[in-house]
2 protein chains.
Amino acid sequence: MHSHDLFHSLHQLSRHLTNKLNEVLKPMGIYGSQWAVIYVLKKKDSLTQKELCDYLFVEAPPMTRTIQRLVKQGYVRQVPGQDKREKHIQLTDEALKQYPNWEQAVTELNQTLLSQLPKTSQEELFNLQNYWLNQLL
Amino acid sequence: MHSHDLFHSLHQLSRHLTNKLNEVLKPMGIYGSQWAVIYVLKKKDSLTQKELCDYLFVEAPPMTRTIQRLVKQGYVRQVPGQDKREKHIQLTDEALKQYPNWEQAVTELNQTLLSQLPKTSQEELFNLQNYWLNQLL
DNA sequence: TAAAAATAGTTACCTAGGTAACTATAAGGT
DNA sequence: ACCTTATAGTTACCTAGGTAACTATTTTTA
């Protein structure tokens with residue numbers, strides 16, 4: 001096994017999964033990057049853009065774009081914070097109404113994608129990825 | 001473990017590695033996508049764009065762009081095939097001259113990135129990725 | 001063999017995500 | 001208090017990769 005192959009297959013796998021995600025979300029009118037933000041906001045309730053960036057491991061500029069699109073679609077609102085530099089991002093009622101649909105679509109996709117991979121392998125893969133990622137940061 | 005987390009960590013890991021690769025290649029004047037093409041061409045000698053797409057699992061349009069950049073930089077040439085639709089892509093002497101530098105930089109990076117991950121884990125990760133990828137295609 | 005379908009590659013345009021340079025606000029050091 | 005530095009977010013522009021629509025060839029088929 002050459003190290004190149006390991007990186008190559010990881011890259012391919014990631015792209016394949018991203019494509020599948022966008023395919024499923026397309027008819028629901030949102031993109032994968034938007035779903036990632038929505039998913040976090042559902043769990044955390046209200047976060048600044050900085051916090052979203054840190055959590056999702058994304059730079060500020062793409063986050064600005066993703067949020068602006070979500071604002072335009074009415075799924076998110078930006079509330080000015082006490083610190084006037086900050087913007088607190090929250091899901092709108094419209095987003096909360098749509099959430100179960102999005103969640104179901106994504107969960108079904110994930111199950112389909114993982115159906116051929118035994119549970120123990122899933123755990124193993126997840127642990128290896130996380131261990132490696134933590135070592136790298 | 002939620003399936004979302006597995007996909008999320010895979011996505012993060014992939015992005016992190018891509019960023020590191022581009023960081024290392026930047027001073028050498030090429031990008032990660034270009035390196036992927038060069039690496040394949042070094043092994044296979046001459047391939048059509050279609051064959052490169054299939055091998056790297058990439059759609060035709062981005063491949064066209066990557067190759068056009070490589071042509072402009074003088075690292076690759078497009079030889080018309082017997083089938084006049086095809087273009088056979090080959091490394092130039094200039095690319096072959098630079099290759100060892102690129103190869104060394106990438107190999108060193110890979111070793112650094114993998115240094116904290118035990119050999120057995122590397123194999124395990126590689127096998128899981130490939131197994132899953134094959135199931136999905 | 002002429003018309004239809006498939007294939008290789010390109011162009012135009014989209015999202016995803018990165019850096020650099022900028023603005024506006026907040027925090028610290030003197 | 002004032003000036004410097006740090007931080008949150010935006011804007012502009014770059015690469016990576018995707019789809020749709022197109023051109024130019026080749027292959028199939030009627």
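What you are looking at is a predicted structure, and each value in this text was computed from that prediction instead of being measured.
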Name the orientation class of the two ring planes belonging to A:W132 and A:F7 (parallel below 30°, tilted from 30 to 60°, perpendicular beyond 60°). perpendicular
Would you call the rings of B:W35 and B:W102 parallel, tilted or perpendicular, taking 30° and 60° as the class edges? perpendicular
Within the 4.0 Å heavy-atom criterion, would you say [X] contacts the bases, only the backbone, or no part of the nucleic acid?
{"X": "B:H11", "value": "sugar-phosphate"}
{"X": "A:Q78", "value": "sugar-phosphate"}
{"X": "A:G32", "value": "sugar-phosphate"}
{"X": "A:S33", "value": "sugar-phosphate"}
{"X": "A:E23", "value": "nothing"}
{"X": "B:Q82", "value": "sugar-phosphate"}
{"X": "B:E59", "value": "base"}

For the pair B:D93 and B:K97, find out whether any cationic side-chain nitrogen is under 4.0 Å from an anionic carboxylate oxygen. no
Are A:M28 and A:L109 joined in one hydrophobic group, where the rule is that I, L, V, M, F, W and Y side chains link up if heavy atoms are under 4.5 Å apart? yes
From [atom1] of [X] over to [atom2] of [N], roughly how many Å is that when rounded to an integer?
{"X": "A:M63", "N": "D:dT7", "atom1": "CE", "atom2": "P", "answer": "19 Å"}
{"X": "B:K87", "N": "D:dT23", "atom1": "NZ", "atom2": "P", "answer": "16 Å"}
{"X": "B:Q49", "N": "D:dA24", "atom1": "CD", "atom2": "P", "answer": "17 Å"}

When the nearest nucleotide of DNA chain C is assigned to A:R69 and to B:A60 on a heavy-atom basis, which residue is associated with the more 5' position? B:A60
Which residue, B:K26 or A:Q34, contacts DNA chain C at a nucleotide closer to its 5' end, judged by nearest heavy atom? A:Q34
Taking the nucleotide of DNA chain D with the nearest heavy atom to each, does B:R65 or A:E86 sit closer to the 5' end? A:E86
Find the distance between CG (B:L52) and CG (B:L41) and round it off to the nearest 0.5 Å. 5.0 Å
Quick one: does A:E51's side chain have a donor or acceptor within less than 3.5 Å of a partner on A:T48's backbone? yes
Give the first and the last nucleotide of DNA chain C, reading 5' to 3', that has any atom under 4.0 Å from a heavy atom of chain B. C:dA6 to C:dG18
Do we get A:K42 above A:Y99's six-membered ring, with its NZ or CZ under 6.0 Å from the centre and within 45° of the axis? yes
